[in-house]
Amino acid sequence: MKIKEVVCSTIKIKNSFEESIGNFDILTEKMDDNFTPYRIEQSVMVWINEEGVLGEIECIFPEQVNDEITLIPSKIVREQNGFPIISINEEISCNEVLVFAGDDYFVLYFTNTKEYDMKIISQNLVFYLFNSELIAIKAMVLGIEL
């Protein structure tokens with residue numbers, strides 16, 4: 001998924017995972033019936049509106065890894081607070097999504113790329129990008145209600 005811009009606004013986000021049923025979910029306050037679903041991988045759906053705003057990412061029984069994959073910062077990493085806007089003019093898919101579940105967070109990996117050159121921090125989410133391509137999202141599970 002290509003990120004076309006970062007908006008400097010705050011969006012409420014609820015992250016949850018239920019390992020017993022194999023469900024990992026990122027839900028934003030923007031999600032409504034006007035969002036378009038995209039199956040980006042066999043077990044992963046993403047809802048995005050016509051402006052590229054993320055509504056939800058839902059993973060049902062995704063492939064899980066036992067060890068967190070270390071992401072490596074480039075020599076120069078741009079860090080920004082805000083929320084990424086996804087380019088809906090580019091293909092919204094990936095070959096495989098891997099998930100690591102920690103005690104109070106989970107990480108979704110969208111590519112085999114480990115190096116990142118941009119980090120977008122949005123409350124309880126951290127988006128990792130390389131050349132404007134979303135490579136991973138770290139989601140902290142903090143019990144936030146929308």
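Because the structure is a prediction, the values reported are computed rather than measured. Every heavy atom of this structure was used, including side-chain atoms; hydrogens, water molecules and symmetry mates were not.
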Exercise for the section: Show your reasoning for whether side chain to side chain contact (heavy atoms under 4.5 Å, CB included) applies to Q64 and F100. Expected result: CA-CA 6 Å; Q64 291 189 49; F100 170 77; over 6 Å; no
Crowding at [atom1], [X] (>12 non-hydrogen neighbours, <6.0 Å):
X    : atom1 : result
N112 : CG    : no
I21  : CD1   : yes
Q42  : CD    : no

Side-chain heavy atoms under 4.5 angstrom apart, residues restricted to Ile, Leu, Val, Met, Phe, Trp, Tyr: same cluster for [X] and [Y]?
X   : Y    : answer
L71 : V65  : yes
I69 : I72  : no
I60 : I137 : no
F61 : I40  : no

Heavy-atom side-chain proximity of [X] to [Y] below 4.5 angstrom:
X   : Y   : result
E5  : V7  : yes
S43 : P62 : yes
P84 : L54 : no
E58 : N23 : yes
N15 : D25 : no
E63 : E96 : yes
T36 : N49 : no
W47 : Y38 : no

Working to the nearest 0.5 angstrom, can you tell me the gap between [X] [atom1] and [Y] [atom2]?
X   : Y   : atom1 : atom2 : answer
M1  : E90 : CE    : CD    : 12.5 Å
T10 : K12 : OG1   : NZ    : 10.5 Å
T28 : I57 : OG1   : CD1   : 9.5 Å
I3  : I85 : CD1   : CD1   : 8.5 Å
E56 : L27 : CD    : CG    : 5.0 Å
E51 : I88 : CD    : CD1   : 9.0 Å

Heavy-atom pair with the smallest gap, counting every atom of [X] and [Y]:
X    : Y    : answer
F106 : S16  : CE2-O, 3.6 Å
D117 : F130 : OD1-CA, 3.3 Å
E115 : S74  : OE2-OG, 2.8 Å
K119 : V126 : CG-CG1, 3.5 Å
V107 : K138 : CG2-CG, 4.0 Å
F83  : S122 : CD1-OG, 3.2 Å

Give the intermediate values and the outcome of side chain to side chain contact (heavy atoms under 4.5 Å, CB included) for residues V53 and I48.
CA-CA 5 Å; V53 176; I48 302 169; 5.9 Å; no
The side-chain contact (heavy atoms from CB on, under 4.5 Å) partner of L108 among I26, L98, V44 is I26
Of L134, V6, V77, the one forming a side-chain contact (heavy atoms from CB on, under 4.5 Å) with L129 is L134
Hey, does the side chain of N124 reach the backbone of I13 with a donor-acceptor pair shorter than 3.5 angstrom? yes
Please answer whether the main-chain N or O of N89 pairs with a side-chain N or O of K2 as donor and acceptor at a distance below 3.5 Å.
no
Side chains of Y128 and E133: is there a donor and an acceptor less than 3.5 Å apart?
no
Pairing donors with acceptors under 3.5 angstrom, does anything connect the side chains of T70 and E68? no
Aromatic ring pairing F17/F24, orientation class (parallel under 30°, perpendicular over 60°, tilted between):
parallel
Item to complete: Could you please spell out the steps behind the side chain to side chain contact (heavy atoms under 4.5 Å, CB included) verdict for V97 and F110?
Response: CA-CA 5 Å; V97 175; F110 299 101; 4.0 Å; yes
Checklist entry - Where do K30 and I11 land on the side chain to side chain contact (heavy atoms under 4.5 Å, CB included) test, with the steps shown first? => result CA-CA 8 Å; K30 299 290 186 182; I11 295 176; 4.1 Å; yes
